[in-house]
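Each remark here refers to the structure printed beneath this line.
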Amino acid sequence: MLDRKFIRENRDKIEALVEAKNAKLDVDQLYRLDGEVLRLKQELEGMRKKRNELSTEIGKQKKTGGDASQLMAEVKAQDDKEKELNEQHRKSEDEYLELASWLPNIPDDSVPVGKDESANKLIREWGKQPEFAFKPLPHYELGEALGIIDFQRATKIAGARFNVMCGKGAALERALISFMLDRAGEKGYLEIYPPFMAARESLFNCAQLPKLEDDMYRLPEDDMFLIPTAEVPLLSFRAGEEIKTAELPLLYTAYTPSFRREAGSYGKDTRGLIRQHQFDKVELFALTKPAESFEQLEKLTADAESILQALALPYQTVILSTGDMSFASTKTYDLEVWMPAQGKYREISSCSNCTDFQARRAGIRFRDENKKLSLVHTLNGSGLAVGRTWAAIIENYQQQDGSVVVPEVLRSYLGGLETIIAVKD
RNA sequence: GGAGAGGUGACCGAGUGGUCGAAGGUGACGGUCUCGAAAACCGUUGUACGGGUUUCCGUACCCAGGGUUCGAAUCCCUGCCUCUCCGCCA
């Protein structure tokens, strides 16, 4: 949610925003409703004032045994008008809020302007792409040959875009989660283990709603959703709270699965682990003072990058253009890991500064230097998407004989295992 | 799932129809005292929106949404949440 006064006083910026982020809403209607709400509210408050004054007077009369019937009739006389005004005001207000909830957050000035991902900009590259004396295989072929992942049988359980990991494959997934959580813990993030389902309000606070309702799995009887990212529970964890200023910045990390319907992505990445309905992720999340959030974004991004570096996986860091950014973000870095079989970099993390956009919806505040209640800023980043990391390891560490070398930092998590080899049957 | 109790300001807690935005306490802040600190004492301390804009005025808010009433934190209804007991269950 954007600040209402800001919207009111910056129509030019709002129009530019709607253009830059490809938002779909009727700006004229938004401003018409805002004006109407203000007008109705003023009129309504005037009537309430009169009613309050008369009621007080009636109270006094009754106390002293005077006759209040005249006054009571006077109050009664404005009932209908007041009721109607109230109704109109509420209706306009609801319509306004509904419309305003479709306004995305405003991109930071440092973000490249562009319609889509073609305008994204490379920030830096890290690591050397491995050279193979043979044609590197995709992770799904290798993984199936090694017997550590099974896409075929997963369909019997849940259909397409799911997977079953087996043996060392399952252990590798678990090792990655533990490794990432441990690293985040070392960097000062508090580990959180939250619910994997969330109420409608949590999704709205996070700005997954209203825009992404069709992209989520829903439990209609309870009006709950399977979380599409740990960002949802981590934001709502402190919703409605006044955070003690000395506590900021608050850093949280959480492992959760993420559930996404991937509606509208038919035919994209149909093979392998890149695009699944359920995938594991270790999330990094931060609440900061406003003045520190962009600095925190650099730190948080660096923290995510450090995981890739520790795993010695080549990657590049990209800043997303205005048209490619998510709804709530003002500035987003994507980390893209090298996938040898595709010969491409693929997104493995996305780190965003949502400034006060989510905090306003969730009501998370603190006392600033002037002791005024202010909204905190929220940031989130994957650190990292575990399934895609799994895939990147299999592909980057593959050997000619079809085995996969285990990255050194993971070996202690796998009982010292150095190489994943095919299970003989 | 069944029965009961309850949800009040940063926190604890009083308040069962009018003068209650709300006692008291804690915390925080300012001051007195002190070399300094603690203690003690005095004072200050809600949010949002709208209007005027130098300290001002108004409206709303005592979980949320409806209702009764001239008037509701206080009465009624619904929902959500918490606690206790029973049942069920990993």
Side-chain angles (χ1 to χ4, degrees), chain A residues 1-10 30-101 193-205 209 219-225 233 236-248 250 287 289 356-357 359-376:
Chain A
M1 222 63 173
L2 295 175
D3 178 63
R4 194 158 182 167
K5 259 187 221 158
F6 177 86
I7 297 174
R8 190 174 296 149
E9 292 162 5
N10 295 277
L30 184 75
Y31 283 91
R32 196 187 65 70
L33 283 167
D34 187 48
E36 188 172 291
V37 168
L38 277 185
R39 184 179 61 74
L40 289 168
K41 191 170 172 185
Q42 280 175 28
E43 201 176 339
L44 190 59
E45 287 189 353
M47 297 196 79
R48 283 186 180 150
K49 181 184 178 189
K50 190 176 165 203
R51 175 180 292 270
N52 288 341
E53 285 169 354
L54 289 170
S55 290
T56 309
E57 191 55 36
I58 290 168
K60 281 184 190 155
Q61 290 291 329
K62 294 221 160 176
K63 205 120 207 173
T64 57
D67 178 22
S69 57
Q70 186 78 25
L71 293 168
M72 284 168 75
E74 207 176 320
V75 181
K76 271 272 191 195
Q78 70 175 48
D79 267 6
D80 290 345
K81 179 92 190 289
E82 193 178 329
K83 211 164 195 167
E84 192 194 319
L85 273 179
N86 191 37
E87 204 53 48
Q88 285 178 10
H89 172 258
R90 191 187 325 188
K91 199 170 149 250
S92 300
E93 175 72 4
D94 287 352
E95 281 177 42
Y96 173 86
L97 288 177
E98 157 67 16
L99 211 54
S101 72
Y193 184 79
F196 298 164
M197 300 192 288
R200 174 171 290 275
E201 191 186 1
S202 296
L203 278 302
F204 180 80
N205 288 347
L209 288 174
L219 305 148
E221 283 87 349
D222 303 292
D223 205 20
M224 302 266 281
F225 297 80
S236 285
F237 182 47
R238 302 302 295 268
E241 291 190 38
E242 180 186 327
I243 309 288
K244 289 205 175 69
T245 307
E247 278 190 282
L248 295 171
L250 274 173
L287 304 164
K289 296 177 194 168
D356 60 12
F357 195 82
R360 183 169 292 108
R361 290 189 178 189
I364 308 177
R365 302 186 294 178
F366 78 108
R367 296 271 169 193
D368 66 17
E369 317 77 59
N370 306 316
K371 291 183 192 142
K372 223 178 103 56
L373 269 185
S374 308
L375 296 164
V376 302

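Here is how names work: the chains are called A, B, and so on, in the same order as the sequence lines, proteins then strands, and each is numbered from 1. Note that this is a predicted model, so its numbers are computed, not measured.
An OP1 or OP2 oxygen of B:A60 is reached within less than 4.0 angstrom by a side-chain nitrogen or oxygen of A:Asn52. Applying the 4.0 Å criterion to OP1 and OP2 of B:C70, one finds that A:Arg48 has every side-chain N and O outside that range. Contact annotation: A:Arg4 side-chain N/O to B:C49 OP1/OP2 distance is not under 4.0 Å. Remark: A:Arg8 is in phosphate contact with B:G50, judged by side-chain N or O atoms under 4.0 Å from OP1 or OP2. In this model, the phosphate group of B:G27 is not approached by any side-chain N or O of A:Arg367 to a distance below 4.0 Å at OP1 or OP2. The phosphate of B:G58 has neither OP1 nor OP2 within less than 4.0 Å of any side-chain N or O from A:Lys50.
Nearest to the side chain of A:Glu242, among B:A10, B:A60, B:C70, sits B:A10. Side chain of A:Lys371, nearest nucleotide from B:C29, B:G18, B:A10: B:C29. The nucleotide whose nearest atom lies closest to any side-chain atom of A:Gln42 is, among B:C70, B:G50, B:A60, B:G50. Comparing atom distances between the A:Arg365 side chain and each of B:A48, B:G66, B:G58 picks out B:A48 as nearest. Among B:G50, B:G18, B:G65, the nucleotide with an atom closest to any side-chain atom of A:Lys5 is B:G50. Distances were taken from every side-chain heavy atom of A:Ser55 (C-beta onward) to each of B:C29, B:G50, B:G71; the shortest belongs to B:G71. Checking B:C70, B:U47, B:A10 against every side-chain atom of A:Leu373, the shortest atom distance belongs to B:U47.
Between A:Glu36 and A:Arg32, at least one side-chain nitrogen of the basic residue sits less than 4.0 Å from a carboxylate oxygen of the acidic one, meeting the salt-bridge criterion. Between A:Glu43 and A:Lys81, at least one side-chain N (NZ, or NE/NH1/NH2) sits under 4.0 Å from a carboxylate O, which counts as a salt bridge. Ionic pairing of A:Glu247 and A:Arg238 is present here: one or more N-O contacts between side-chain nitrogen and carboxylate oxygen are shorter than 4.0 angstrom.
Of the two residues contacting RNA chain B, namely A:Lys41 and A:Lys83, the nearest-nucleotide position lying further toward the 5' end is that of A:Lys41. Comparing A:Lys244 and A:Leu54 along RNA chain B, the residue whose closest nucleotide (by nearest heavy atom) sits nearer the 5' end is A:Lys244.
The base-pairing partner of B:G4, taking Watson-Crick or G-U wobble contacts with both distances under 3.5 Å, is B:C83. With a 3.5 Å ceiling on both atom-pair distances, B:C33 lacks any Watson-Crick or G-U wobble partner. Judged by Watson-Crick or G-U wobble contacts below 3.5 Å, the nucleotide B:A39 has no partner. Pairing for B:C61 is with B:G46, a Watson-Crick or G-U wobble pair whose two hydrogen-bonding atom distances lie under 3.5 Å. B:A14 is unpaired under the criterion used here, namely a Watson-Crick or G-U wobble arrangement in which both key atom distances are under 3.5 Å. Applying the Watson-Crick and G-U wobble criteria (two distances, each under 3.5 Å), B:G9 pairs with nothing in any strand. In this entry B:U55 has no Watson-Crick or G-U wobble partner, no candidate having both defining distances under 3.5 Å.
Following rounding to the nearest Å, A:Tyr96 (OH) and B:C49 (C1') show an atom-to-atom distance of 12 Å. Here the P atom of nucleotide B:U59 and the CD atom of A:Glu43 are 16 Å apart, to the nearest Å. B:A28 atom C1' lies 18 Å from atom NZ of A:Lys372, rounded to whole Å. As a whole-Å value, the separation of A:Glu241 CD from B:C11 C1' is 13 Å. The interatomic distance linking A:Glu201 (CD) with B:G65 (C1') rounds to 14 Å, in whole Å.
Side-chain atoms of A:Glu74 and A:Gln70 form no donor-acceptor pair, as typed in the model, at a separation below 3.5 Å.
Note that CG of A:Leu2 is 5.0 Å distant from CD1 of A:Ile7, once rounded to the nearest 0.5 Å. For the atom pair CG of A:Leu287 and CZ of A:Phe366, the computed distance is 11.0 Å after rounding to the nearest 0.5 Å.
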